[in-house]
Enquirer: 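One structure coming up, written as C-alpha cells, with questions to follow.
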Amino acid sequence: MMNDLKLVELTVKQGDFSGGATGMKKTIFVFVSSTFTDTMEERNVLQEKILPRLRALCKEHGIEYIFFDMRYGVRDENTLDHQTWLGCYAALKTCFEESAGIFFLSLQSGKYGYRPLPRTIAKSLLDERLSQSEDEEIKSLCTKWYILDENAFPEAYNLKPLKSLDDDSFWKEALPKLSDFLKNIPFFEPNENVIVGRSVTEYEAIMAMAMDDENQSRIKWAQRKVTDGGSVELDPWQFYAEWQSKPLLLLCNNLKASMESKIGEENITRFEVAAKDLIPKVVEDDRAQQVIYTSKYEYAKAVLQPATKAYLDNWQVKMEKVLMDDVRRCIECKDAWAVDGCGLGLPGHELDEILHHYQWASKKISTFFGRETLLEEALTLTTSGTRCEKYGVNLALIGQSGAGKTAFMAKLASMVASSQVATKRPVLIRFCGTSEGSRTGYGLMQSLCRQIEYSIGVNGGPFPSAYADMVERFHNLLCEYPVVLFIDSLDQLTNANEACFSLSFLKRSAKAESSFHAETLIVVSSLPDDRDGSGLFGCATRLQEVKTPSLQVPLLASDSESFLMNGLAGAGRRLTQAQHQFVLQQAQREPTPLYFT
C-alpha cells in the first residue's frame, strides 16, 4: 500500500536507480482470482453492487478503483495461442506493482479450474521426458503439438497455436494426454512452483503469495464453503466441487490449505452456504427446476432462490466492508503523503516530482545494453575535473534523435552513483520535458533546489517568484555543496527566460564571486542544433562556444552487431545466420537503438 519510506528517503537524499522508490499511487488495481463458472454470482455482486460504491468514495479523494476480472480479459486470440496464463500473469503483475492498496482478491472455493499445457517448455526437459517413454502415441502427440523454436536460447519448444476454439484434437486428445505425460515439469522461470498439471487459479495464488511475501497484507480471500455439494442428487454437474475426481479434489484442498497457512486469518473472510441453495431455479407452473449456466436458455429465465439471495446479501455486506476499509487506509496514506510525505518532511507533490525522474531512469536502464567503451570514456570525462566555467558543465552528451542518449545518460548516472558511496555526494537526475517540474528552467531549478536542500538538511523556505532570484538560490547551493547533477534533453525545455537557448539557469552571472563547488559534477545532454534549418535549439551551440567537454553519442552503424548480440542475450533469444545478416543490413538503414528495441 505504501512505499518503502526508507528507500524513498535514500533516493531523494543520495540518488537510487533501482526503481524501487515511487511516488504515491493513485489507483487501486485488484486482481479477482477464482474459477469462473462457480463464482458468477459473487463476481456479479462485486462488479454491479460493490464496485460503484468503492468508486464513488475513491472519486471524492482523487483515487481510481479497478477490478481485473479475467472473465472479460482472456480473449479468444489468447486461448488460440495458449496465452491464458501469461495474460493472467501480466495483469496480476500490474496489480501488484501499481495498486495503492490490496492487489489480489481470491474467491477460491471448491472448483480447481483449467489446467493448461505450457506454451513454452525447455527442450532439455521435454527431450529427457520423451527419452524415458516408450509410448509411441505420446511421442507422436509431442511431435505434432510442440514445435522447436530455433530462436530460443536455451533451446525450447512452443505449443502450436489452435486453428479454432473448438479444436477437438487438442481439447479431447492432446490436452488430457500431454498434461498427464508432462506432469510436474516446471515451465515458468519466475517461479519453479508453476508446474504442468496445476490450474491457472493455483498459478495466480502461488504468484500473488510470492509477490506479497512479507505479511500477505495486500491479499484478501473471500472463502466460501459449500456444504452438502458432493453428491449426484445435489450437484450432479460438479458445479461447486469436482467431488467425482479424487486427484482434482486433492489438488484443490492442497491449494486451499496452502492459502490458509500463508494468507493468515486476518485476511480471510469466511462464508458457508448449501449447494442446494446456490444453484438457480426456473419456476414455471409452480414447479421449480434447478439449472446451471450451460443450459443457456433455461439459465436466462432462472431466478435466485431466497436462500441464495440472503447469502449474496451477506456476502456483499462483508466484502464491501473489507474493501471499503482498504480504500480508507489508502485515503489516509494519500492525505499523509500530500502533507509531508508521510513524515519525510517534503510535500507529496514535490516528492512525486523527484521520484518520477529516478523511475524514468530505472526504466531506461532496464533496456540498456552494450556501449561499454563509450560509457568508460564518458565516465572518465565526467570525473576528470575539467569543466566550462560559464555553465559549470563537466560533460555535454550530444546525439541525434534516436541515438539512445537518454538511456545512455541514465546508465552513466547509475554508474556514477555506484561510485559515490565514499564521498556521499547526492546524485540528482532530471529528464527535461517529462514532467511538470522539468518543462521550464524555473520549475527545474525549484525541484533541484528542494532536493539539494533536503539532502543536506537545510530548510530553504518558500521559493522566490523572480527568475533571477531563483537562479541565485540555485547557484548558491551549487557553489556551497558538492552534488552530482545529470540533466537530460536540455532542448526539451521551454525557452521562457532563455532557459533553453541561452542556458540561463546554469550561466554564471558577472557578479558571481565563485564558481560551483570543486567536487560538483554536472552532465547534460542535448540534440545537436539544426544549423542548416530553423535553428530551433540553441543549447548545444552555447555549450560548444565555450568549449565544454563533450562526447558524441553516435548512431549504431559502427556498433550494430555488438548491440544486437547483447540485446538478444538479455532476451534469451538468438538468430539464425540468415536472420542475423538481414537484421544487420536493415540496421544500416535505421542505425538507432529504437530499431533494435
Enquirer: Does Lys321 have more than 12 heavy atoms from other residues, nucleotides or ligands lying within 6.0 Å of its NZ?
Expert: no
Enquirer: Quick one: does Lys364's side chain get under 4.5 Å of Lys411's, heavy atoms only?
Expert: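 No. Closest side-chain heavy atoms not under 4.5 Å.
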Enquirer: Could you walk me through whether His357 and Phe486 pass ring pair (Phe, Tyr, Trp, His ring centres under 6.0 Å), step by step?
Expert: CA-CA 11 Å; His357 295 280; Phe486 288 82; over 10 Å; no
Enquirer: Are side-chain heavy atoms of Val194 and Trp85 found at a separation under 4.5 Å?
Expert: yes
Enquirer: Answer whether the closest heavy-atom distance between the side chains of Val322 and Leu105 falls below 4.5 Å.
Expert: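 SC-SC contact between Val322 and Leu105 ruled out.
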Enquirer: Taking everything shown except Glu192 itself, do over 12 heavy atoms lie less than 6.0 Å from its CD?
Expert: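 Not more than 12 within 6.0 Å, no.
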Enquirer: Could you check whether Phe188 and Tyr89 have their ring centres less than 6.0 Å apart?
Expert: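 Close enough - the centres of the two rings lie under 6.0 Å apart.
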Enquirer: Does Glu155 pair with Arg573 as a salt bridge, N-O distance under 4.0 Å?
Expert: no
Enquirer: For Glu265, I'd like to know if atom CD has over 12 heavy atoms of other residues, nucleotides or ligands within 6.0 Å.
Expert: yes
Enquirer: Is it true that atom CD of Glu150 has more than 12 heavy atoms of other residues, nucleotides or ligands lying nearer than 6.0 Å?
Expert: no
Enquirer: Determine whether the aromatic ring centres of residues Phe96 and Phe103 are separated by less than 6.0 angstrom.
Expert: yes
Enquirer: So do Val200 and Glu204 actually touch side chain to side chain, heavy atoms under 4.5 Å?
Expert: yes
Enquirer: Could you check whether any side-chain N or O of Gln238 sits under 3.5 Å from a backbone N or O of Gln244, counting only pairs where one atom can act as donor and the other as acceptor?
Expert: yes
Enquirer: Would the number of heavy atoms belonging to other residues, nucleotides or ligands and lying under 6.0 Å from NZ of Lys26 be above 12?
Expert: yes
Enquirer: Of all the heavy-atom pairs spanning Ala205 and Leu255, show the shortest one and how long it is.
Expert: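 Closest heavy-atom pair between Ala205 and Leu255: CB-CD1, 4.1 Å.
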Enquirer: Find out whether Asp38 and Arg224 are in side-chain contact, i.e. whether some heavy atom of one side chain is under 4.5 Å from a heavy atom of the other.
Expert: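 Counting from C-beta outward, Asp38 and Arg224 do come under 4.5 Å.
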Enquirer: Between Lys25 and Thr22, is there a side-chain donor-acceptor contact under 3.5 Å, judged purely by atom types and distance?
Expert: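 A pair is found: one side chain offers a donor N or O, the other an acceptor, under 3.5 Å apart.
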Enquirer: On a heavy-atom basis, which atom in Cys58 and which in Val327 lie closest, and how many Å separate them?
Expert: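 Heavy atoms only, the tightest pair is SG-CG1, 3.7 Å.
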Enquirer: Could you tell me whether the side chain of Tyr112 and the main chain of Glu202 form a donor-acceptor pair under 3.5 Å?
Expert: no
Enquirer: Write down the atom of Ala413, the atom of Ile429, and the distance for their closest heavy-atom approach.
Expert: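 In terms of heavy atoms, the two residues are closest at CB-CD1, 3.7 Å.
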Enquirer: Do you know which of Thr120, Thr143, Asp127 makes side-chain hydrogen bond (donor to acceptor under 3.5 Å, both in side chains) with Tyr157?
Expert: Asp127
Enquirer: Can any side-chain N or O of Asp149 pair as donor or acceptor with the backbone N or O of Ala156 at less than 3.5 Å?
Expert: no
Enquirer: How far apart are the closest heavy atoms of Phe104 and Leu92, and which atoms are they?
Expert: CD1-CD1, 3.7 Å
Enquirer: Compare all side-chain heavy atoms of Asp16 with those of Leu7 and state whether any distance is below 4.5 angstrom.
Expert: yes
Enquirer: Are Tyr203 and Asn191 linked by a side-chain donor-acceptor pair shorter than 3.5 Å?
Expert: no
Enquirer: Are a donor atom and an acceptor atom from the side chains of Asp135 and Ser133 found within less than 3.5 Å of each other?
Expert: no
Enquirer: Measuring from atom OG of Ser258 to atom CG of Asn253, what distance do you get when rounded to the nearest 0.5 angstrom?
Expert: 12.5 Å
Enquirer: Between Glu97 and Lys93, does any side-chain N to carboxylate O distance fall below 4.0 Å?
Expert: yes
Enquirer: Which residue in the set Asp69, Thr39, Thr201 passes side-chain hydrogen bond (donor to acceptor under 3.5 Å, both in side chains) when paired with Ser34?
Expert: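 That would be Thr39.
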Enquirer: Identify the heavy atoms of Ile28 and Ile102 that sit nearest to each other, and give their distance.
Expert: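 Looking at all heavy atoms of both residues, the shortest contact is CG2-O, 4.0 Å.
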Enquirer: With respect to Leu117, which candidate in Phe170, Phe181, Phe187 satisfies the side chain to side chain contact (heavy atoms under 4.5 Å, CB included) definition?
Expert: Phe170
Enquirer: Other residues, nucleotides and ligands only: do more than 12 of their heavy atoms fall within 6.0 Å of CD on Glu134?
Expert: no
Enquirer: Among Ile138, Leu125, Val196, Ile195, which residue satisfies the side chain to side chain contact (heavy atoms under 4.5 Å, CB included) criterion with Leu182?
Expert: Val196
Enquirer: If only atom types and distance count, is the side chain of Ser179 paired as donor or acceptor with the main-chain N or O of Leu175 below 3.5 Å?
Expert: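 Confirmed, Ser179 side chain pairs with Leu175 backbone.
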Enquirer: Please report the interatomic distance CD1(Ile121) to SG(Cys142), rounded to the nearest 0.5 Å.
Expert: 8.0 Å
Enquirer: Does some side-chain heavy atom of Lys246 sit less than 4.5 Å from a side-chain heavy atom of Leu251?
Expert: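 No; the side chains remain at least 4.5 Å from each other.
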Enquirer: Would you call Phe17 and Ser418 a side-chain contact if the rule is heavy atoms closer than 4.5 Å?
Expert: no
Enquirer: Are any side-chain N or O atoms of Trp360 and backbone N or O atoms of Thr434, one a donor and one an acceptor, separated by less than 3.5 Å?
Expert: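 Side chain of Trp360 to backbone of Thr434: no pair is present.
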Enquirer: Calculate, to the nearest 0.5 Å, the distance between atoms NZ and CG belonging to Lys220 and Asp326 respectively.
Expert: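 So the gap between those two atoms works out to 6.5 Å.
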Enquirer: Counting only heavy atoms not in Lys225, do more than 12 sit closer than 6.0 Å to its NZ atom?
Expert: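 No, because the 6.0 Å sphere around NZ of Lys225 holds 12 heavy atoms or fewer from other groups.
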Enquirer: Examine the side chains of Ser33 and Ser106 and answer whether a donor and an acceptor come within less than 3.5 Å of each other.
Expert: no
Enquirer: Do you see a donor-acceptor pair shorter than 3.5 Å between the side chains of Trp337 and Asp352?
Expert: yes
Enquirer: Has Arg119 got a side-chain atom pairing as donor or acceptor with Asp81's backbone, closer than 3.5 angstrom?
Expert: yes
